[in-house]
Amino acid sequence: MPRQVDHADRRRRIADAVCELADERGLEGVTLRDVAARAEVSMGAVQRCFRTKEEMLVFALGHIGERIGARVRARLVRSPAQSAGTALGHAATEVALLREEHRAEARVWLAFVAQAAVSEVLARTVQANYTALTESFARLIEEAGADTGGAAEAGADTGRAAPLDPRREARALLALADGLTTHVLIGHLTPRQARDVLHTHLARLLSQ
């Protein structure tokens, strides 16, 4: 009886191979032949999973985004002792990819983002990831504002400014986290310095 192939698992293996090769030599160095060798499958198997190299890259990009998203979602599983502000800090830190064990993932993600600047199909995938993260951040910022009395009437009683726009602040936070990824990778900031920048921004945001 012929062995059944787990196509979903094979696609993930191929995506992992794409990411490993992209980390080593950049996306321009990723070929179908090398991906097949790294994934330990035949060229035909790769071509049965993906009709074109672009289709393979889109899947690999989505694969990375899903890994990051899964870690963020895990951070957002709130225990009774975890405030929305704390969850927001954890999620933003995950997105910034500042940990040493995520350094390769950060390099590959930025390689894909750079390629997305000239690839409409990759850009759509990146945009979808950013949209989902923005929604998560905005929800937590809104909850954190409610937790700290950030409603309009509370702001009026304490002399504070008008309530924050959660969506605008979420976009700013995501842009900051994304920028810190780059600054750490090129050595402009250490991971500790980047975390300090991020936490300082969050402290100011949540105190408004």
Side-chain angles (χ1 to χ4, degrees), residues 5-74 91-137 171 173-191 194-195 198:
V5 175
D6 185 335
H7 290 286
D9 179 68
R10 176 170 286 178
R11 285 165 69 88
R12 286 191 294 269
R13 284 171 56 196
I14 291 171
D16 286 336
V18 170
C19 293
E20 290 175 11
L21 291 168
D23 184 37
E24 294 171 8
R25 60 186 76 166
L27 285 179
E28 66 279 2
V30 175
T31 68
L32 293 177
R33 185 176 301 280
D34 288 342
V35 168
R38 184 63 60 93
E40 299 183 337
V41 298
S42 67
M43 277 280 290
V46 174
Q47 292 169 328
R48 283 191 292 274
C49 287
F50 304 102
R51 292 169 296 179
T52 64
K53 178 179 176 179
E54 184 176 65
E55 186 177 297
M56 180 179 70
L57 293 180
V58 168
F59 181 83
L61 173 57
H63 183 59
I64 299 171
E66 178 54 35
R67 285 205 309 245
I68 297 172
R71 291 200 299 269
V72 171
R73 289 191 295 274
T93 300
E94 290 293 346
V95 170
L97 298 171
L98 301 179
R99 297 179 186 174
E100 181 62 35
E101 62 264 32
H102 298 152
R103 197 62 48 80
E105 193 172 65
R107 288 192 295 266
V108 175
W109 174 255
L110 288 183
F112 272 108
V113 171
Q115 187 65 25
V118 294
S119 169
E120 184 177 346
V121 66
L122 287 176
R124 287 197 296 269
T125 302
V126 173
Q127 289 166 14
N129 276 286
Y130 284 159
T131 296
L133 289 170
T134 298
E135 292 297 327
S136 294
F137 284 1
R171 286 194 287 261
L173 178 57
L174 180 56
L176 174 62
D178 225 26
L180 289 174
T181 306
T182 302
H183 283 237
V184 170
L185 282 182
I186 66 173
H188 179 64
L189 294 175
T190 66
R195 283 192 295 270
L198 183 58

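No experiment lies behind these values; they were computed from the predicted model shown.
A distance of 10.5 Å separates CG in Asp178 from NE2 in His183, rounded to the nearest 0.5 Å. One distance of note links CG of Leu133 with CZ of Arg171; it measures 14.0 Å at 0.5 Å rounding. A distance of 4.5 Å separates CE in Met56 from CG in Leu32, rounded to the nearest 0.5 Å. The structure places CH2 of Trp109 at 10.0 Å from OG1 of Thr181, a figure rounded to the nearest 0.5 Å. Annotation: the span from Arg48 atom CZ to His7 atom NE2 amounts to 8.0 Å, rounded to 0.5 Å. Rounding to the nearest 0.5 angstrom, the gap separating the OG1 atom in Thr190 from the CZ atom in Arg195 is 7.5 Å.
Among all heavy-atom pairs drawn from Thr182 and Leu110, the shortest one is OG1-CD1, 3.5 Å. Here the shortest heavy-atom pairing between Ala123 and Ala116 reads CB-O, 3.5 Å. Across every non-hydrogen atom of Pro191 and Leu98, the tightest pair is CB-O, 3.7 Å. Heavy atoms only, all atoms of each residue included: Gly65 and Asn129 are closest at CA-OD1, 3.4 Å. Here the shortest heavy-atom pairing between Val108 and Cys19 reads CG2-O, 3.3 Å. When every heavy atom of Ala177 is checked against every heavy atom of Ala92, the shortest pair comes out as CB-O, 4.0 Å.
Considering only heavy atoms from C-beta on, Arg38 stays 4.5 Å or farther from Val35 through its side chain. A heavy-atom distance below 4.5 Å is found between the side chains of Leu97 and Arg71. Considering only heavy atoms from C-beta on, Gln115 stays 4.5 Å or farther from Leu61 through its side chain.
The number of heavy-atom neighbours closer than 6.0 Å to CD of Glu101, taken from other residues, nucleotides and ligands shown, is above 12.
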Legend entry - side-chain contact (heavy atoms from CB on, under 4.5 Å) evaluation trace for His102 with Glu94: CA-CA 9 Å; His102 298 152; Glu94 290 293 346; 3.8 Å; yes

Inset, instruction - Would you please test Val126 and Phe112 for side-chain contact (heavy atoms from CB on, under 4.5 Å) and show each step? - result: CA-CA 8 Å; Val126 173; Phe112 272 108; 5.6 Å; no

Inset, instruction - List the steps, then state whether side-chain contact (heavy atoms from CB on, under 4.5 Å) holds for Leu185 with Arg103. - result: CA-CA 8 Å; Leu185 282 182; Arg103 197 62 48 80; 3.2 Å; yes

Legend entry - Audit row: Glu55, Val121, side-chain contact (heavy atoms from CB on, under 4.5 Å) steps and yes/no: CA-CA 9 Å; Glu55 186 177 297; Val121 66; over 6 Å; no

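Arg73 has a carboxylate O that lies under 4.0 Å from a charged side-chain N of Glu66, or vice versa, which qualifies the two as a salt bridge.
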